[in-house]
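Encoded as structure tokens, the structure appears first; notes follow it.
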Amino acid sequence: MKCDAVIEKIKARVAAIDPNGPRKVLGVFQLNIKAADGVHEIIVDLKNLKVSDGKASGADVVINLSDEDFIAIGTKAISVHDAVTQGKVNMTGDEALFQALVDAI
């Protein structure tokens, strides 16, 4: 998948979070990234500070986007707001939590 480097950056950022410190975002996010070889499912669990492959049961927010759009957002070539406005990102679930994640990125 083209966006593996962006996922590694997310893993590093999550690993660097102090579990005892204040946190802006507490939620479980399911990323469904559509790539040339199929859909890759990534769980970003900001409650337990873990990032893993798989499908989260009961995710607070589910985010669907393409590999290319994920890279564009991850490298800040496009803002999350613009990606959502342009229909490049489809989100279901807790909109306030999604907005908190967007604000924290």
key: Side-chain hydrophobic cluster, 4.5 Å single linkage: members besides L26   =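 Traced through the cluster, L26 reaches no other member.
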Let me have the donor-acceptor pairs involving side chains of residues 48-59, under 3.5 Å, with sequence neighbours excluded, atom names and distances please.
from: N48; atom 1: ND2; to: D45; atom 2: OD2; distance (Å): 2.9

Same cluster (ILVMFWY, side-chain, under 4.5 Å), [X] and [Y]:
X	Y	value
I43	V61	no
I71	F29	no
F70	V80	yes

Please identify each residue that fulfils side-chain contact (heavy atoms from CB on, under 4.5 Å) with [X], with sequence neighbours left out.
X	result
Q99	V102, D103
A96	D94
N32	Q30, V39, E41, V62, N64

Do [X] and [Y] touch side chain to side chain, with heavy atoms closer than 4.5 Å?
X	Y	answer
L65	I73	yes
I33	D69	no
D60	F98	no

Sequence neighbours left out, cut at 3.5 Å: what donor-acceptor pairs do the side chains of residues 86-93 make with other protein atoms?
none

key: Straight-line distance of D67 CG to C3 SG, nearest 0.5 Å   = 4.0 Å
query = Would a distance-only check, ignoring hydrogens and angles, find a side-chain to backbone donor-acceptor pair under 3.5 Å from R23 to L46?
reply =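 It does hold such a pair.
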inquiry  = Please determine whether side-chain contact (heavy atoms from CB on, under 4.5 Å) holds for the pair I10 and I42, giving the CA-CA distance in whole Å, both sets of side-chain angles, and the decisive distance to 0.1 Å.
reply    = CA-CA 11 Å; I10 292 170; I42 310 290; over 6 Å; no
